[in-house]
Amino acid sequence: MNTTNQINITVETIVNAAVDTVWNAWTSPEHIIKWNNASEDWHTPRVENDLRTGGKFLSRMEAKDGSFGFDFSGVYDEVKTNELIAYTLGDDRKVSISFVRDGNTTKITETFEAESTNPIEMQKGGWQAILDNFKKYAESLAS
């Protein structure tokens, strides 16, 4: 892991849904494929998720026109149901996601180590767009 000058980026949202609904939508492959994209011209056609400490995950993210795609994958470092997911990506960057229940809403805070290829604001914007898409999807399940 590159610990020199490592920049952490945080994105967050409040989802108007109970934490059980939010957790299920965040972690179940049949849900992930429906929300895991930053824009309408991208999608996630395949997801594998072994949700446990030491378990692996993979989301295949692709442009809908077939022009580009990549595997977003890693290994879970810690999983606490309805509370916390921490993992290490394939490039050794760390990610931590907290789920905080507040009645019928859930605050999600996602912190990740920036990569060195793209500008910080672009990375933050992309992760926030996916999180916003998740919020919209999870709230549709709760209504």
Side-chain angles (χ1 to χ4, degrees), residues 1-64 68-143:
M1 179 176 76
N2 175 14
T3 53
T4 327
N5 298 327
Q6 186 61 57
I7 296 171
N8 288 326
I9 300 172
T10 298
V11 295
E12 58 187 19
T13 192
I14 295 175
V15 181
N16 294 306
V19 72
D20 293 351
T21 300
V22 169
W23 182 267
N24 187 46
W26 189 274
T27 60
S28 301
E30 66 269 19
H31 290 297
I32 296 168
I33 60 171
K34 295 177 182 171
W35 61 261
N36 191 32
N37 56 286
S39 63
E40 289 300 316
D41 52 343
W42 278 76
H43 66 151
T44 301
R46 185 169 59 89
V47 173
E48 299 169 15
N49 196 19
D50 183 7
L51 185 66
R52 61 181 175 82
T53 301
K56 296 180 180 177
F57 66 89
L58 179 142
S59 294
R60 178 67 189 169
M61 302 176 86
E62 297 179 352
K64 287 182 179 176
F68 188 75
F70 63 94
D71 289 340
F72 184 83
S73 62
V75 177
Y76 291 111
D77 300 316
E78 187 176 7
V79 176
K80 291 182 182 172
T81 303
N82 292 345
E83 292 179 24
L84 174 75
I85 296 173
Y87 58 83
T88 302
L89 291 167
D91 62 5
D92 286 334
R93 291 183 299 132
K94 302 280 188 188
V95 179
S96 176
I97 308 142
S98 70
F99 300 81
V100 177
R101 174 193 332 239
D102 183 10
N104 282 331
T105 67
T106 304
K107 181 177 183 181
I108 300 173
T109 305
E110 191 170 16
T111 301
F112 63 97
E113 293 177 348
E115 42 92 352
S116 56
T117 308
N118 295 297
I120 299 300
E121 285 307 312
M122 177 188 276
Q123 293 178 62
K124 184 172 185 169
W127 285 59
Q128 185 68 55
I130 292 170
L131 190 56
D132 292 346
N133 207 38
F134 171 79
K135 171 184 167 70
K136 187 170 71 176
Y137 177 75
E139 288 177 350
S140 77
L141 297 176
S143 56

Asker: Calculate, to the nearest 0.5 Å, the distance between atoms CD and CD belonging to Q6 and E115 respectively.
Answerer: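 Spacing of CD (Q6) from CD (E115) equals 10.0 Å.
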Asker: With distance as the sole test, does E78 use its side chain to make a donor-acceptor pair with the main-chain N or O of Y87 at under 3.5 Å?
Answerer: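 Here the side-chain-to-backbone pair does not exist.
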Asker: Does the T106 side chain pair with the main chain of A17, one donor and one acceptor, at a distance under 3.5 Å?
Answerer: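 Yes: the side chain of T106 pairs with the backbone of A17.
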Asker: Any sub-3.5 Å donor-acceptor pair from N133's side-chain atoms to W35's backbone N or O?
Answerer: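 Looks like yes, one N/O pair under 3.5 Å.
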Asker: So how far is it from W23 CH2 to I108 CD1, rounded to the nearest 0.5 Å?
Answerer: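 W23 atom CH2 to I108 atom CD1 measures 10.5 Å (nearest 0.5 Å).
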Asker: Only one of N37, V22, I32 passes side chain to side chain contact (heavy atoms under 4.5 Å, CB included) with F134; say which it is.
Answerer: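 Result for side chain to side chain contact (heavy atoms under 4.5 Å, CB included) with F134: V22.
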Asker: Using 30° and 60° as the class boundaries, would you call the ring planes of W127 and F112 parallel, tilted or perpendicular?
Answerer: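 The arrangement is parallel - the two ring planes meet at less than 30°.
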Asker: Roughly how far, to the nearest 0.5 Å, is OG1 of T44 from NZ of K34?
Answerer: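 Answer rounded to 0.5 Å: 13.0 Å.
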Asker: How about I14: does its CD1 atom have over 12 heavy atoms from other parts shown lying under 6.0 Å from it?
Answerer: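 12 or below, so no.
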Asker: Atom CG in D77, atom OG1 in T88: separation rounded to 0.5 Å?
Answerer: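 Answer for the CG-OG1 pair, D77 versus T88, is 3.5 Å.
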Asker: Does the side-chain contact (heavy atoms from CB on, under 4.5 Å) test come out yes or no for E139 and T21, once each step is laid out?
Answerer: CA-CA 9 Å; E139 288 177 350; T21 300; over 6 Å; no
Asker: Would you give the length of the straight line joining atom CG of D41 to atom NZ of K64, rounded to the nearest 0.5 angstrom?
Answerer: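 That separation rounds to 7.5 Å.
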Asker: Please tell me if the side chains of Y76 and L51 come closer than 4.5 Å, counting only heavy atoms from C-beta onward.
Answerer: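 Yes. Closest side-chain heavy atoms under 4.5 Å.
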Asker: Check E48 with K56, please: is the shortest side-chain N to carboxylate O separation under 4.0 Å?
Answerer: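 Salt bridge absent between K56 and E48.
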Asker: Yes or no on side-chain contact (heavy atoms from CB on, under 4.5 Å) for M61 and I130, after CA distance, side-chain angles and deciding distance?
Answerer: CA-CA 12 Å; M61 302 176 86; I130 292 170; 4.0 Å; yes
Asker: Mind checking whether I85 and T27 have side chains closer than 4.5 Å, heavy atoms only?
Answerer: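 Contact flag for I85/T27 side chains = yes.
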Asker: So if I apply the side chain to side chain contact (heavy atoms under 4.5 Å, CB included) rule between S59 and each of N36, I33, N49, which one comes out positive?
Answerer: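 Testing each of N36, I33, N49 against S59, the sole residue satisfying side chain to side chain contact (heavy atoms under 4.5 Å, CB included) is N36.
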Asker: Hey, are the side chains of T109 and V100 touching, using non-hydrogen atoms and a 4.5 Å cut-off?
Answerer: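 Sidechains of V100 and T109: no contact.
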Asker: Is the number of heavy atoms from other residues, nucleotides or ligands under 6.0 Å of D132 CG greater than 12?
Answerer: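 Enclosed.
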Asker: Check whether E113 reaches the backbone of V95 with its side chain - one donor and one acceptor, N or O, closer than 3.5 Å.
Answerer: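 Pair absent, no side-chain N/O of E113 close to backbone of V95.
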Asker: Is it the case that the side chain of R60 and the backbone of R46 share a donor-acceptor pair, with hydrogens and angles ignored and the cut-off at 3.5 Å?
Answerer: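 Looks like no, no N/O pair under 3.5 Å.
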Asker: Distance check, rounded to the nearest 0.5 Å: N82 atom CG versus N24 atom CG?
Answerer: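 Result: 9.5 Å between the selected atoms.
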Asker: When you measure from the side chain of S73 to the backbone N and O of L58, does any donor-acceptor pair fall under 3.5 Å?
Answerer: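 No.
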Asker: Does CD in E30 sit with more than 12 non-hydrogen atoms of other residues, nucleotides or ligands closer than 6.0 Å?
Answerer: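 Yes, CD of E30 has more than 12 neighbouring heavy atoms, counting only those of other groups under 6.0 Å.
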Asker: Please tell me if the side chains of R52 and V79 come closer than 4.5 Å, counting only heavy atoms from C-beta onward.
Answerer: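 Side-chain contact under 4.5 Å: no.
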Asker: List the atom of I9, the atom of A114, and the distance in Å for their closest heavy-atom pair.
Answerer: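 So the two residues come closest at CD1-CB, 3.7 Å.
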